[in-house]
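Below: one structure, written as structure tokens.
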Amino acid sequence: NSIIGDEYRWPHIIPYVLEDSLDLNAKGVILNAFERYRLKTCIDFKPWSGEANYVSVFKGSGCWSSVGNMHVGKQELSIGENCDRIATVQHEFLHALGFWHEQSRSDRDDYVTIVWDRILSGREHNFNIYNDSVSDSLNVPYDYSSVMHYSKTAFQNGTEPTIVTRISDFEDVIGQRMDFSDYDLMKLNRLYNCSSSLSFMDACDFELENICGMIQSSGDTADWQWLSQVLAGPENDHSNMGQCKESGFFMYFNTSSVKEGVTAMLESRILYPKRGFQCLEFYLYNSGSENDQVNIYTRVYTASNPEGVLTLQREIKEIPIGSWQLYYVTLQVTEKFRVAFEGVRGPGSSLGGLSIDDINLSETRCPHHIWRIQNFTQLLGSQNAEIRSPPYYSPKGYAYQIYLNLNSSTNVGIYFHLISGANDDQLQWPCPWQQATMTLLDQNPDIRQRMSNQRSITTDPTMTNDDGSYFWDRPSKVGSVAIFPNGTQFSRGRGYGTSAFITHKRLISREFIKGDDVYILLTVEDISHLNSTAIIPDPVPTSTAIVPTSAAHNACSEVECQNGGVCTVHEDRAECKCPAGEDWWYMGKRCEKRGSTQDTIVIAVASTVTVFAVMLVITLVSVYCTRRKYRKRASSKRAALSLENQHAF
Amino acid sequence: VPEMFVKDIDEGTERDIFDINEALGLDLFEGDIRLLMQGK
């Protein structure tokens with residue numbers, strides 16, 4: 001529920017500063033949280049460049065924020081020790097954007113019971129209700145799954161819950177720290193009048209007959225069919241997994257009915273990129289030949305190629321037979337384009353074909369690796385369930401492995417290990433500033449509705465073990481011997497992660513397990529560049545006036561600030577706040593003039609020289625005139641003397 | 001999991017935002033809200 005008042009709203013692009021005090025892992029996590037906002041809302045973030053109000057994220061004591069835009073210039077938001085979790089950052093920024101906690105809304109008592117005698121003495125005020133004259137639930141139902149809801153243990157003085165949900169099934173739902181809920185997004189998008197996002201492009205689960213505007217190419221010899229079931233498989237689509245009768249469709253290319261080499265191309269509608277990089281994801285099912293394949297193309301339209309240029313982006317071979325499998329393809333397109341899926345009939349016998357479902361295209365970064373864990377329900381129920389991923393390499397060349405611990409009856413643990421690899425002699429040790437992001441994928445067909453569970457850790461090269469050795473040193477030096485299933489021996493460093501990655505109850509909720517498969521998405525990237533000092537522009541006077549955004553919009557509607565200047569309203573007049581750096585600035589009514597310290601030095605030197613020259617001229621002229629005057633006097637005296645002498649002689 | 005093999009950043013418990021702030025002795029509004037006067 002949101003704070004009432006337009007003056008509390010931020011512009012859609014929020015200026016921010018990541019202060020030097022932040023841990024490097026926290027900086028990476030904050031940037032990942034911004035990406036979730038960019039995908040699911042119309043809120044974007046940009047580094048501060050002199051705007052009147054901005055969010056300063058720093059490492060304070062604890063995790064906290066203010067509610068709404070307070071118009072104080074630098075508005076602090078603390079991401080302290082243990083706050084560097086993506087959902088915690090999303091939670092604090094929702095406060096900054098103007099949201100209170102879910103259980104403080106005016107109709108709270110209709111949905112949860114607060115057990116007052118279980119609350120820590122003196123902490124009762126944390127369960128206050130705010131009436132609908134100060135807070136607005138934006139016509140959205142009470143949301144047990146909100147990322148802004150407390151969990152049942154909040155401020156408890158013992159072990160019994162302080163919040164009891166009126167519908168008992170929601171008791172373990174409240175307090176999720178995974179991602180925005182659907183209602184969180186509905187409220188945020190209503191509050192900020194969002195109709196689109198920066199990075200979302202398209203999602204298609206093929207539930208409607210219009211197949212999301214996709215088209216069958218005319219240049220091929222076969223077509224994809226819109227089906228809900230195929231005798232040879234799949235028995236059902238991926239979106240619903242057979243949960244809903246009379247629904248659940250996918251696209252199918254029957255390779256059993258065509259000869260080797262026959263192709264069928266399915267093209268997406270035309271898409272317009274904004275960022276120049278894309279991630280395409282989809283599920284494939286193969287019931288045909290193991291040699292059948294899918295090729296991914298882009299068709300890019302330019303002025304010189306109005307028909308579009310077809311470029312092969314990825315060949316997908318060896319598609320597993322008999323199950324839906326997730327794929328990611330990275331694209332880099334800057335002009336309007338289509339994505340094309342080409343099915344190719346390969347050699348060998350086929351009794352079925354290829355199927356595609358649940359396509360998502362967004363201008364986000366794809367994960368580096370996908371770890372698919374099959375038959376997961378069986379693993380979850382077994383004792384001593386410890387699963388280790390295959391070995392992976394980071395872009396820098398570090399080898400690593402993920403360890404998933406299912407031993408606990410309540411929580412699932414996840415840990416990141418460096419392992420010995422082929423590039424170890426060429427790499428820097430102890431391993432510096434590699435951020436590992438581990439995501440348990442919510443397999444909802446629509447990327448915007450997913451609530452994936454994510455944690456990140458970062459390798460700190462100065463971190464030590466109890467015996468003084470470096471934690472992230474070369475695994476062959478500080479690790480222990482381990483063996484891969486194929487019998488190959490290697491070294492495994494100590495793991496770093498969390499025993500509380502996700503609870504079992506949350507794991508079996510939503511669509512983390514689908515078709516008895518679980519996907520852990522992995523990205524390990526170098527974030528050492530975030531170590532550099534925050535670039536803080538020269539301070540701009542704080543706008544102290546409380547200005548309704550509508551008024552600001554009206555006054556600024558006819559003012560265009562140049563060179564990245566931002567229009568603000570001060571005393572009912574539109575003013576341009578001009579960007580400035582350490583040694584440069586823009587000035588003028590519309591920020592049209594550029595200044596720099598170099599210019600100042602030039603002006604100072606030129607002024608000094610000019611003044612000196614003028615003074616010199618004046619001095620010389622004065623001396624000349626004075627000398628001339630005295631010379632005249634002296635000569636006239638001499639003339640008078642000689643005349644007197646003439647008279648004397 | 002033996003500590004010699006892994007380091008647990010959460011020390012075995014799931015700590016929510018208010019737990020973290022409470023452990024630090026912070027008494028913030030609703031657990032994690034800093035109240036400011038607008039236009040200060």
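Below, chain A is the first sequence line, B the second, and so on; all start at residue 1.
To the nearest 0.5 Å, the span separating NZ on B/Lys7 from CG on A/Asp466 amounts to 7.5 Å. Taken to the nearest 0.5 Å, the CG atom of A/Asn82 stands 4.0 Å off from the CZ atom of B/Arg15. With rounding to the nearest 0.5 Å, the separation of CG in B/Leu35 from CH2 in A/Trp64 is 11.5 Å. For the atom pair CZ (A/Arg177) and CD1 (B/Ile17), the distance works out to 4.5 Å, reported to the nearest 0.5 Å.
Ion pairing between B/Glu22 and A/Arg123 holds under the 4.0 Å rule for side-chain N and carboxylate O. Using a 4.0 Å cut-off between a side-chain N of Lys or Arg and a carboxylate O of Asp or Glu, A/Arg455 and B/Asp10 qualify as a salt bridge.
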Could you go step by step and tell me if A/Tyr496 and B/Ile9 meet the side chain to side chain contact (heavy atoms under 4.5 Å, CB included) rule?
CA-CA 7 Å; A/Tyr496 194 69; B/Ile9 48 178; 3.3 Å; yes
Side chain to side chain contact (heavy atoms under 4.5 Å, CB included) for B/Glu30 and A/His125? Distances and angles first, verdict last.
CA-CA 7 Å; B/Glu30 285 197 25; A/His125 63 86; over 6 Å; no
Can you check side chain to side chain contact (heavy atoms under 4.5 Å, CB included) on A/Ser65 and B/Asp32, steps first, answer last?
CA-CA 7 Å; A/Ser65 170; B/Asp32 69 337; over 6 Å; no
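The two residues B/Phe18 and A/Ser151 have their closest heavy-atom pair at CZ-OG, 3.4 Å. The shortest non-hydrogen separation linking A/Ser499 to B/Gly12 is OG-CA, 3.1 Å.
Legend: residues meeting salt bridge (charged side-chain N to carboxylate O under 4.0 Å, His left out) with B/Asp8, ordered by chain and number and at least two apart, are absent. With sequence neighbours excluded, no residue forms a salt bridge (charged side-chain N to carboxylate O under 4.0 Å, His left out) with A/Asp460.
For A/Arg492, no part lies under 4.5 angstrom from a heavy atom of chain B. For B/Ile20, the part lying near chain A is the side chain, with the backbone staying farther off; criterion is any non-hydrogen pair under 4.5 Å. Residue A/His95 touches chain B through its side chain alone, counting heavy-atom pairs closer than 4.5 Å. In this structure, chain B has no heavy atom under 4.5 Å from any part of A/Ser78. Only the side chain of A/Glu92 comes within less than 4.5 Å of a heavy atom of chain B; its backbone N, CA, C and O stay farther away. In this structure, chain B has no heavy atom under 4.5 Å from any part of A/Leu77.
In terms of non-hydrogen atom pairs under 4.5 Å with chain B, the most contact-rich of A/Ser66, A/Cys63, A/Ala500 is A/Cys63. By number of non-hydrogen pairs under 4.5 angstrom with chain B, the leading residue of A/Phe501, A/Phe416, A/Tyr150 is A/Tyr150. The candidate with the highest count of non-hydrogen atom pairs below 4.5 Å against chain A, out of B/Leu24, B/Asp19, B/Thr13, is B/Leu24. No other option in A/Gly175, A/Ser480, A/Ser104 has as many heavy-atom pairs under 4.5 Å with chain B as A/Ser104.
Remark: side-chain polar atoms of A/Asn126 are not paired, donor with acceptor, to backbone N or O of B/Phe29 under 3.5 angstrom.
Counting heavy atoms from C-beta on, the side chains of A/His101 and B/Ile33 come closer than 4.5 Å.
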